[in-house]
Number of protein chains: 2
Amino acid sequence: MKPENTDCTERCPVLETVTRWTRRKDARPGEILDAALDLFVARGFSATKVEDIARAAGVTAGTIYRYYANKEDILKAVIRESLVPTLQEGEQLIAQFDGSGPELLAFVIRTWWQMHGATKLSGIPKLMIAEASNFPELARFHREEVIARGENLIASAIQFGIDRGEFRPVALDVAVKVVVAPVVMAMVWKNTDICPGLDLDHYLEEVIETLIHGLGARPGDKQNGESEA
Amino acid sequence: MKPENTDCTERCPVLETVTRWTRRKDARPGEILDAALDLFVARGFSATKVEDIARAAGVTAGTIYRYYANKEDILKAVIRESLVPTLQEGEQLIAQFDGSGPELLAFVIRTWWQMHGATKLSGIPKLMIAEASNFPELARFHREEVIARGENLIASAIQFGIDRGEFRPVALDVAVKVVVAPVVMAMVWKNTDICPGLDLDHYLEEVIETLIHGLGARPGDKQNGESEA
DNA sequence: TTAAATTAAATGAACGTTCATTTATTTTAT
DNA sequence: ATAAAATAAATGAACGTTCATTTAATTTAA
């Protein structure tokens with residue numbers, strides 16, 4: 001009986017030949033990023049050790065430096081490969097959507113939650129909030145690659161509703177934050193035990209309800225572009 | 001001409017005698033907490049070195065351990081001494097308030113912002129979001145001493161509006177989060193450069209407007225406690 | 001045989017905490 | 001009052017870890 005295979009690095013099927021490890025140049029990066037996302041989300045960027053990522057990915061710390069220049073580079077890659085693609089997908093979904101402004105806004109929030117909130121990606125906002133000030137280059141990357149595009153997406157949905165007279169003519173940059181804030185907080189709460197018992201789905205539906213009626217056009221509203229009375 | 005007094009620790013007036021330091025048993029703790037809050041907020045808990053706090057407070061690292069058992073204890077003291085008292089103050093203000101439900105909600109949010117958002121204390125939510133999972137005891141302390149009391153405060157304001165028929169009968173625990181989220185995010189944004197150009201006061205007024213109308217009672221609402229039709 | 005992939009060990013800086021020692025202040029005894 | 005004695009504040013160096021990154025040695029695959 002063989003000893004338990006506790007720290008064998010191979011994951012691919014190995015039949016007869018007992019090799020200590022196998023060369024898997026193409027599979028490594030993905031496995032490293034998978035492990036890194038899990039750990040970054042659970043413990044934060046600083047608190048995650050490169051060696052932990054390595055162990056979770058079935059390699060040694062040294063190996064990681066063959067694929068990524070440094071720890072920051074790992075997180076950038078995680079964002080680039082797993083988060084950014086979903087934004088493109090989201091942009092397409094919105095372009096195809098057919099319905100009212102309020103319906104579009106609800107759709108955007110629910111889709112956002114399905115694609116991020118309900119997945120491991122929900123941990124990234126907390127990560128960036130926590131580490132942005134200590135890793136400015138990381139913050140810049142995230143702002144340009146993720147936030148800017150995500151907010152454009154929300155902005156277009158709100159503008160759509162304003163144009164149809166269903167939302168009041170709020171300042172777009174501010175309104176975007178009003179929509180973004182409760183959703184981002186939901187992701188933060190999901191990845192912290194700050195709010196143990198909260199039913200996030202219930203919360204989100206209430207957010208949608210509140211936003212749609214809170215942003216809704218009202219009798220006395222002046223039209224977009226009009227000057228003060 | 002004397003050499004510049006670069007690292008002299010004394011802050012009290014010293015006339016002739018050049019002393020390396022003075023004993024200031026009663027002044028030290030406050031100065032240490034002041035410095036600690038600044039640094040914790042700016043850099044996060046983990047990233048703040050005890051020696052940095054010491055230097056900023058005009059003492060040495062060793063001195064800090066005369067007053068606080070460890071780094072976590074410093075943060076607890078900061079919260080206990082600077083944040084918790086403002087909650088008591090807030091509770092009183094609300095008890096005295098005279099006005100409608102929507103007016104009370106707006107008052108609570110503006111007061112909260114004046115007392116926390118506009119001060120250094122605004123950095124604490126970011127701090128807790130960032131470190132809660134790595135310092136469970138700190139998280140528990142914050143949840144019990146700060147969050148629980150703060151949410152009771154919000155809850156009572158919303159309940160007041162529901163009782164007067166001005167707000168619709170939302171689930172209280174969820175509604176509290178709907179109110180809390182955009183304010184907490186404002187504090188987070190204020191302490192990160194995630195949203196560089198945002199006008200937070202404008203944002204907050206829009207949040208208030210949106211919440212009041214979003215939570216507002218509407219013709220078809222069933223009364224609190226009624227069963228489904 | 002060789003080059004690329006991977007490991008394992010080494011490096012060096014950082015940091016929370018401890019503690020022996022120094023120094024300022026307070027108390028005591030005269 | 002005063003000076004010696006006692007107390008307690010504060011220092012600063014050192015310890016013991018931890019951890020990102022580097023380097024050298026090994027293993028694999030072609």
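Convention: sequence-line order gives letters A, B, ...; per-chain numbering from 1.
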Distance-only donor-acceptor pairs under 3.5 Å for side chains of residues 109-122 of chain A, two or more places apart:
unit_1: R110(A); atom_1: NE; unit_2: E205(A); atom_2: OE2; d: 2.9
unit_1: R110(A); atom_1: NH2; unit_2: E205(A); atom_2: OE1; d: 2.9
unit_1: T111(A); atom_1: OG1; unit_2: F107(A); atom_2: O; d: 2.7
unit_1: H116(A); atom_1: NE2; unit_2: T86(A); atom_2: OG1; d: 2.7
unit_1: T119(A); atom_1: OG1; unit_2: M115(A); atom_2: O; d: 3.2
unit_1: T119(A); atom_1: OG1; unit_2: H116(A); atom_2: O; d: 3.0
unit_1: T119(A); atom_1: OG1; unit_2: L121(A); atom_2: N; d: 3.1
unit_1: K120(A); atom_1: NZ; unit_2: D38(A); atom_2: OD1; d: 3.0
unit_1: S122(A); atom_1: OG; unit_2: T119(A); atom_2: O; d: 2.9
unit_1: S122(A); atom_1: OG; unit_2: N191(A); atom_2: ND2; d: 3.0

Enumerate the protein-to-nucleotides 20-24 of chain D contacts in which both atoms are nitrogen or oxygen and the separation is below 3.5 Å.
unit_1: dA20(D); atom_1: OP1; unit_2: T48(A); atom_2: O; d: 3.1
unit_1: dA20(D); atom_1: OP1; unit_2: K71(A); atom_2: NZ; d: 3.1
unit_1: dA20(D); atom_1: OP2; unit_2: V50(A); atom_2: N; d: 2.8
unit_1: dT21(D); atom_1: OP2; unit_2: Y65(A); atom_2: OH; d: 2.6
unit_1: dT21(D); atom_1: OP2; unit_2: K71(A); atom_2: N; d: 3.2
unit_1: dT21(D); atom_1: O5'; unit_2: Y65(A); atom_2: OH; d: 3.4

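- Regarding contacts with the backbone of dT7(C), a side-chain N or O of T63(A) is found under 4.0 angstrom from either OP1 or OP2.
- Nucleotide dA5(C) holds its P atom 15 Å from the CD atom of E31(A), rounded to whole Å.
- In this structure, CD1 of I64(B) is placed 14 Å from P of dG12(D), rounded to the nearest angstrom.
- If you check every strand for non-hydrogen atoms under 4.0 Å, Y67(B) touches sugar and phosphate atoms only.
- If you measure from atom CD1 of I53(A) to atom C1' of dT6(C), you get 17 Å, rounded to the nearest angstrom.
- Between the CH2 atom of W21(A) and the P atom of dT7(C) there is a distance of 7 Å, given to the nearest Å.
- Rounded to whole Å, atom P of dG16(C) lies 15 Å from atom CG of D73(B).
- As rounded to whole Å, 9 Å separates atom P of dT6(C) from atom CG of D26(A).
- In this structure, Y203(B) contributes its side chain and P182(B) its backbone to a donor-acceptor pair below 3.5 Å.
- Proximity of M185(B) to K177(A): side-chain heavy atoms (C-beta onward) are nowhere separated by under 4.5 Å.
- Y68(A) places its OH atom 12 Å from the P atom of dT6(C), with the value rounded to the nearest Å.
- Neither OP1 nor OP2 of dA29(D) sits under 4.0 Å from any side-chain N or O of R24(A).
- In this structure, I32(A) places its CD1 atom 12 Å from C1' of dA5(C), rounding to the nearest Å.
- Set against dA4(C), dT6(C), dA10(D), the side chain of R66(B) has dA10(D) as its closest nucleotide.
- Judged purely by atom type and a 3.5 angstrom limit, K71(A) uses its side chain to pair as donor or acceptor with the backbone of F45(A).
- Under the 3.5 Å distance criterion, the side-chain polar atoms of R143(A) are matched with a main-chain donor or acceptor of D193(B).
- In this structure, the side chains of R43(A) and D52(A) come closer than 4.5 Å at one or more pairs of heavy atoms.
- Applying the side-chain contact (heavy atoms from CB on, under 4.5 Å) test to A148(A) and every residue at least two apart in sequence or in another chain returns nothing.
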